[in-house]
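Encoded as structure tokens, the structure appears first; notes follow it.
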Amino acid sequence: MQAQILAPAAALVVWTLVMLFWMAMTRMPALRKLGGLGKAKAGGRGQDLEGVIDDRINWKSHNYTHLHEQPTLFYAVIAILAILGPQAHDVLFAWAYVAIRVVHSIWQATVNKVSVRFLLFLLSTACLIVLAVRALALALNY
């Protein structure tokens, strides 16, 4: 069961890398139109591109950033569960979290209607809460 709970975490890592490449593949052509990276200001950051390149291109970057925020909690919870002994329903909630985050990514990167994105965020957060409470219960009873 320990290996099964790690698979969703590994899948989310791979998905995060997919978003990195999607972001790069859309940003690089936009940056070339601005004169390329050589024209970028010293010490520039991705946020500097807000209002400079098309919002739809920046949406991929926004999502890539989001995949480094709440999912860090997911990775910690998965590690705790893997160490202490997950149950089958833990694995299901972990896969649900990942699936919802993937849908959230695709939505944010393409349509980005905030009301739907927020609902997807709430659903994934609910899965994370279940997993976190379960990890805490296992840790307290260990």
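What's counted below: heavy atoms across the whole structure, side chains too, no hydrogens, waters or symmetry copies.
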Quiz item: Is it the case that one hydrophobic cluster holds both Y142 and L138, taking links as side-chain heavy atoms less than 4.5 Å apart, direct or via other members?
Solution: yes
Practice problem: Would you check if R117 and H66 make a side-chain contact, meaning some heavy-atom pair closer than 4.5 Å? | Solution: yes
Practice problem: Grab the two heavy atoms, one from R56 and one from T110, that are nearest each other, plus how far apart they are. | Solution: NH1-O, 2.9 Å
Quiz item: Of V77, I80, I78, which is the lone residue that meets side chain to side chain contact (heavy atoms under 4.5 Å, CB included) with I5?
Solution: I78
Quiz prompt | Stepwise side-chain contact (heavy atoms from CB on, under 4.5 Å) test for F121 and Q70 | solution = CA-CA 10 Å; F121 175 77; Q70 188 189 72; 3.7 Å; yes
Quiz item: Once you round to the nearest 0.5 Å, how far does CG of L131 lie from CZ of R134?
Solution: 9.5 Å
Self-check item: Heavy-atom check, side chain of L6 versus side chain of Q2, under 4.5 Å
Solution: no
Exercise. Evaluate whether atom OH of Y75 has more than 12 neighbouring non-hydrogen atoms of other residues, nucleotides or ligands under 6.0 angstrom away.
Key: yes
Quiz item: Side-chain heavy atoms under 4.5 angstrom apart, residues restricted to Ile, Leu, Val, Met, Phe, Trp, Tyr: same cluster for W95 and L73?
Solution: yes
Quiz prompt | Least distance between heavy atoms, I100 atom then C127 atom | solution = CD1-SG, 4.1 Å
Quiz item: What's the shortest heavy-atom distance between V98 and P8, and which atoms?
Solution: CG2-O, 3.3 Å
Quiz item: How about Y97: does its OH atom have over 12 heavy atoms from other parts shown lying under 6.0 Å from it?
Solution: yes
Self-check item: Chi angles and distances behind the side-chain contact (heavy atoms from CB on, under 4.5 Å) call for F74, R101
Solution: CA-CA 11 Å; F74 173 75; R101 289 306 301 219; over 6 Å; no
Quiz item: Which atom names give the shortest non-hydrogen contact between P71 and L12, and what distance separates them?
Solution: CB-CD2, 3.8 Å
Practice problem: Indicate if L128 and I83 have the same hydrophobic cluster label, given that clusters are the connected sets of ILVMFWY residues with side-chain heavy-atom separations under 4.5 angstrom. | Solution: yes
Practice problem: Apply the test side-chain contact (heavy atoms from CB on, under 4.5 Å) to residues I106 and V102: give CA-CA distance (whole Å), side-chain angles for both, the deciding distance (0.1 Å), then the verdict. | Solution: CA-CA 6 Å; I106 293 168; V102 168; 4.0 Å; yes
Quiz item: For the atom pair CG (L20) and OG1 (T16), what is the distance rounded to the nearest 0.5 Å?
Solution: 9.0 Å
Self-check item: From CA spacing to verdict: side-chain contact (heavy atoms from CB on, under 4.5 Å), R27, N58
Solution: CA-CA 8 Å; R27 266 194 171 179; N58 281 325; 3.3 Å; yes
Exercise. Determine yes or no for a side-chain-to-main-chain donor-acceptor pair under 3.5 angstrom, with K60 supplying the side chain and W22 the backbone.
Key: no
Quiz item: Any chance the side chains of H62 and Q108 put a donor and an acceptor closer than 3.5 Å?
Solution: no
Exercise. Look up atom OG in S124 and atom CG in L119, then write down how far apart they are to the nearest 0.5 Å.
Key: 9.5 Å
Quiz item: Is L84 reachable from V130 through a run of hydrophobic residues whose side-chain heavy atoms are each under 4.5 Å from the next?
Solution: yes
Exercise. Working to the nearest 0.5 Å, report the span between CE of M19 and CE of M23.
Key: 8.5 Å
Self-check item: Separation of D54 CG from T26 OG1 (nearest 0.5 Å)
Solution: 10.0 Å
Quiz item: How far does OH of Y64 sit from CZ of F21, to the nearest 0.5 angstrom?
Solution: 9.0 Å
Quiz item: In terms of hydrophobic clusters joined by side-chain contacts under 4.5 Å, are V13 and F93 together?
Solution: yes
Self-check item: Qualifying residue for side chain to side chain contact (heavy atoms under 4.5 Å, CB included) with W59, from D55, N63, I57
Solution: D55
